[in-house]
Amino acid sequence: QVQLVESGGGLVQAGGSLRLSCAASRIDVSLTTMAWFRQAPGNQRVLVAAVTSGGHTTYADSVKGRFTVSRDNAKNTLFLQMNNLKPEDTAVYYCSSPALNMWGQGTQVTVSS
């Protein structure tokens with residue numbers, strides 16, 4: 001069974017940074033598109049960033065220039081480096097393999113003003 005386990009969330013002040021990790025099992029993160037989504041209370045889950053097997057990256061306009069998606073193929077882990085965090089970045093962040101419709105359990109990110 002494919003598993004995606006996120007970690008790295010927490011509480012941070014505006015302007016701070018966090019690095020989310022997503023450890024994958026029974027799936028090779030280098031061979032498929034991997035993505036980060038987020039869901040704020042009362043809102044739909046939305047795409048934050050994605051990276052294809054070829055290394056092409058995509059970002060939501062709201063995070064461009066602040067967030068960076070990457071992966072460590074040797075560790076089979078996906079990352080999301082989040083810099084200059086804003087209160088509107090507060091949400092539960094989910095790691096996903098869209099092609100397999102697989103999701104992690106989510107990790108809470110809270111940015112205080």
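Computed from a predicted structure; not experimentally measured.
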A.B. asks: For the residue pair Gly9 and Leu20, what are the closest heavy atoms and their distance?
C.D. replies: N-CD2, 3.6 Å

A.B. asks: Measure the CG-OG1 distance between Leu31 and Thr52 for me, rounded to the nearest 0.5 Å.
C.D. replies: 11.5 Å

A.B. asks: Can you check whether His56 reaches Thr58 side chain to side chain, under 4.5 Å on heavy atoms?
C.D. replies: yes

A.B. asks: If you round to the nearest 0.5 Å, how far is CD of Glu6 from SG of Cys95?
C.D. replies: 5.5 Å

A.B. asks: Tell me whether Leu80 is reachable from Trp103 by hopping between hydrophobic residues (I, L, V, M, F, W, Y) whose side-chain heavy atoms are closer than 4.5 Å.
C.D. replies: no

A.B. asks: Check Leu85 against Arg66 and note the closest heavy-atom contact, atom names and distance.
C.D. replies: CA-NH1, 3.8 Å

A.B. asks: Could you grab the distance from atom CD of Gln108 to atom OG1 of Thr90, nearest 0.5 Å is fine?
C.D. replies: 7.0 Å

A.B. asks: Run Asp89 and Lys86 through salt bridge (Lys or Arg N to Asp or Glu O under 4.0 Å) and show every step you take.
C.D. replies: CA-CA 5 Å; Asp89 295 318; Lys86 303 176 180 181; over 6 Å; no

A.B. asks: Please check if the side chain of Ser53 supplies one atom and the backbone of Thr33 the other of a donor-acceptor pair under 3.5 Å.
C.D. replies: no

A.B. asks: At their closest point, which heavy atom of Tyr59 faces which heavy atom of Ala49, and how far apart are they?
C.D. replies: CD2-CB, 3.6 Å

A.B. asks: Spell out, yes or no, whether Val69 and Phe37 are grouped together once hydrophobic residues are joined by side-chain heavy atoms under 4.5 Å, including indirect joins.
C.D. replies: no

A.B. asks: List the atom of Ser97, the atom of Met34, and the distance in Å for their closest heavy-atom pair.
C.D. replies: CB-SD, 3.9 Å

A.B. asks: Which pair of heavy atoms, one from Leu47 and one from Ala50, lies closest together, and at what distance?
C.D. replies: CD1-CB, 4.3 Å

A.B. asks: Hey, any chance Tyr94 and Phe67 share a hydrophobic cluster, counting ILVMFWY side chains that come within less than 4.5 Å of each other, even indirectly?
C.D. replies: no

